[in-house]
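Read through the structure below, which is laid out as structure tokens, and then see the notes.
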Amino acid sequence: MPTLLADIQNLLSDLIARYSSRVDYLMIRLEEAEGTDIVLRGDKVETLSEGISVGGHIRAAYKGGWGFSSFNRLTTIEDRIQEAIAAARMVGDEETTLAAIKPVQAVCRVPLTGTDPCKIPLSQKKELCDRYTELLKSVDRRITTTSVRYGDCSQRVIIATSEGTLIEQSWIDMEMRFAATARNGDTVQTGRETTGSRKAFEDLIGLDEQVKNAAQRAVAALSLPSVKGNTYTVVIDPILSGLFVHEAFGHLSEADMAYENPDLLEVMTIGRRFGSKELQIFDGAAPQGHRGSYFYDDEGTPATTTQLIKDGVLVGRLHSRETAGKLAEAPTGNARCLNYHHAPIVRMTNTWIERGNTPVADLFSDIKEGVYARNWLGGMTNGEMFTFSAGEAWMIRNGKIAEPVKDVTLSGNVFQTLADIEAIGDDFYWDESGGCGKGGQNGLPVGCGGPSLRIRDVVVGGEVGEM
């Protein structure tokens, strides 16, 4: 796909002018993506590929109804426009309500701080995966299975709308995942690590300690006692805090979940208190340098930073233009799609709990018996209920970190858990390992962040599968 030159501008402008009178709203999205995918399981190469995809989609709105059509041949674009318009006119019977945004004409690129992975040979990426595989295997003879995954993707997107918006935006995303399984007789334990970046290929180099740590945790867990199931005061590290705020709370803040579910909308009432005055929760693509960062979402709405909880009170939610219009709230720039095969839906970007004022060491004080949980191994959410498993954990005894334990899962109701946060640490960490799934669009890059948290009355125990 060429850059946004006169021929592309003229083509899109002509098509928009020709067909926009038949609908309330018309958008054309063109996309070019180039990427690498490598999967090694032990010494076996499961996937080793490079690919380029070019395509686009059409979205049309008429009387509240939406039509969608995707394509991978530009020569068929007029047929696809007509299909989307016909579908919208077929189902529309109310009113199209879109929150207003200013039309934008821009060319922008999410900046790199180092080497573009597209300039790195496939052989060098494979060598990196081989080296990490050997590191996993070298930790202990009881490591029986290893997995190393590498992926990068360069995307360039052009958006044109019937309101006059014309944007070209591009970015590059990278991710690596590592897993090691250790076995001793019938006892099997797994350790995992994940990392990602939108900055530089160098961010994936020099991960030796992180990679080995996954295997070391698996081996160490073979001889650890399981935690005794009970209700404990728990201290969680920033990685688990980020996972919690994304999975357990963030999805409930996505406005399409709310306006389609009156019961949830009632629960997520603006102005309702969910936690202490120290609790602050945000989401936004505006902060630069994270995996959920961009300049405009997939509807052309500028990136923002949205405060969701302020001083413990719900003050905001995440929107597309349609959900913002229907709920009479401001658009937040959270309409995202994985690629041209999908329509944009309301998605998180970078979601975080702001750091607090409690020194981390003080989070453990006065806990007679509790659990300290770090990193994540797996988990699941179901509405307002969650269950997460920790990558590693220790008992807390008389205010001190004591013996390590395994099989630590944390379960509860997200709203009760927010209310049960007793203290918020003064540390903070951004976890760039996230790949979010929703509505069949899995692996959308996101960032998560947070401080260490002390939470009372957490149900601990059991086992949980991989996320």
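Side chains are part of it too, since the values below use all heavy atoms of this structure and drop only hydrogens, waters and symmetry mates.
- Residues Trp376 and Ile239 have side chains in contact (heavy-atom distance under 4.5 Å, counting atoms from C-beta outward).
- Put simply, CZ on Arg41 and OG1 on Thr47 are 8.5 Å apart, with the number rounded to the nearest 0.5 Å.
- For the atom pair Glu193 CD and Met176 CE, the distance stands at 12.5 Å (nearest 0.5 Å).
- Side-chain contact of Asp427 with Ser452: a donor-acceptor pair under 3.5 Å is present, judged by distance alone.
- Residues Val458 and Val371 are not in side-chain contact: their nearest non-hydrogen atoms beyond the backbone lie 4.5 Å or more apart.
- At least one donor-acceptor pair under 3.5 Å links the side chain of Asp237 to the backbone N or O of Asn375.
- Between Ile58 and Ile77 there is a side-chain heavy-atom pair separated by less than 4.5 Å.
- The residue from Leu327, Val346, Asn334 that alone fulfils the side chain to side chain contact (heavy atoms under 4.5 Å, CB included) condition with His319 is Leu327.
- Put simply, the side chain of Arg59 never gets that close to the backbone of Phe68: no donor and acceptor are under 3.5 Å apart.
- Ion pairing of Lys326 with Glu94 is absent here, as no side-chain N (NZ or NE/NH1/NH2) approaches a carboxylate O to less than 4.0 Å.
- The minimum heavy-atom distance linking Phe428 with Ile353 is given by the pair CE1-O, 3.2 Å.
- A salt bridge between Lys277 and Asp311 is absent, with no side-chain N of the basic residue lying under 4.0 Å from a carboxylate O of the acidic one.
- Listed for the Arg80 side chain is no donor-acceptor partner under 3.5 Å among the backbone atoms of Ser69.
- Between the side chains of Asp431 and Tyr429, no donor-acceptor pair of N or O atoms lies under 3.5 Å.
- With hydrogens and angles left out, the side-chain atoms of Glu384 and Asn413 include a donor and acceptor closer than 3.5 Å.
- Lys199 places no side-chain N or O within donor-acceptor distance of the main-chain N or O of Thr113, the cut-off being under 3.5 Å.
- Using a 4.5 Å heavy-atom cutoff, the side chains of Val54 and Glu32 are in contact.
- Closest heavy-atom contact between Leu204 and Tyr132: O-OH, 2.8 Å.
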Checking side-chain contact (heavy atoms from CB on, under 4.5 Å) for the pair Ile424/Asn357: CA distance, chi angles, key distance, verdict?
-> CA-CA 7 Å; Ile424 300 175; Asn357 300 311; over 6 Å; no
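- Taking a cutoff of 4.0 Å between a charged side-chain nitrogen and a carboxylate oxygen, Asp256 and Lys438 qualify as a salt bridge.
- With hydrogens and angles ignored, the 3.5 Å screen pairs a side-chain donor or acceptor of Gln441 with a backbone N or O of Leu338.
- Note: Asn350 CG to Ser293 OG = 4.0 Å, rounded to the nearest 0.5 Å.
- Looking at Lys63 and Glu95, their side chains never come closer than 4.5 Å, going by heavy atoms from C-beta outward.
- With contacts defined as side-chain heavy-atom distances shorter than 4.5 Å, the pair Phe178/Thr146 does not qualify.
- The neighbour count for Arg273 CZ, taken as heavy atoms of other residues, nucleotides or ligands under 6.0 Å away, is above 12.
- One finds no salt bridge joining Glu432 and Arg291 here, because no Lys/Arg side-chain nitrogen approaches an Asp/Glu carboxylate oxygen to under 4.0 Å.
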Give the intermediate values and the outcome of side-chain contact (heavy atoms from CB on, under 4.5 Å) for residues Tyr296 and Thr165.
-> CA-CA 11 Å; Tyr296 299 92; Thr165 286; over 6 Å; no
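- Under a 3.5 Å cut-off, the side chain of Ser20 and the backbone N or O of Ile16 do form a donor-acceptor pair.
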Give the intermediate values and the outcome of side-chain contact (heavy atoms from CB on, under 4.5 Å) for residues Arg374 and Leu240.
-> CA-CA 6 Å; Arg374 291 180 51 188; Leu240 273 174; 5.7 Å; no
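- Separating the CD1 atom in Ile101 from the CD atom in Glu163 is a distance of 6.0 Å, to the nearest 0.5 Å.
- The number of heavy-atom neighbours closer than 6.0 Å to CG of Asn382, taken from other residues, nucleotides and ligands shown, is 12 or below.
- The backbone N or O of Cys153 sits nowhere less than 3.5 Å from a side-chain atom of Asp173 that would complete a donor-acceptor pair.
- Closest heavy-atom contact between Thr96 and Gly64: OG1-N, 2.8 Å.
- Under a 3.5 Å cut-off, the side chain of Thr381 and the backbone N or O of Ala248 do not form any donor-acceptor pair.
- Here the side chain of His341 pairs no donor or acceptor atom with the backbone of Ser70 at under 3.5 angstrom.
- For the atom pair CE (Met174) and NZ (Lys125), the distance works out to 9.5 Å, reported to the nearest 0.5 Å.
- Across all their heavy atoms, Cys118 and Ser154 have their closest contact at SG-CB, 3.6 Å.
- Contact of the His251 side chain with the Val414 side chain is not registered, since no non-hydrogen atoms from C-beta on lie closer than 4.5 Å.
- Heavy-atom minimum distance, Gly242 versus Cys448: O-CB, 3.6 Å.
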Intermediate values then yes/no, side-chain contact (heavy atoms from CB on, under 4.5 Å), Thr349 and His290 | CA-CA 9 Å; Thr349 57; His290 304 295; over 6 Å; no
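- No side-chain donor-acceptor contact under 3.5 Å links Gln169 to the backbone of Gly300.
- Taking 4.5 Å as the limit, every side-chain heavy atom of Asp283 sits out of range of all side-chain heavy atoms of Phe249.
- To the nearest 0.5 Å, atom CG of residue Leu98 and atom OG1 of residue Thr301 are 9.5 Å apart.
- Contact detail for Tyr19 and Glu78: the closest heavy-atom pair is OH-OE1, 2.6 Å.
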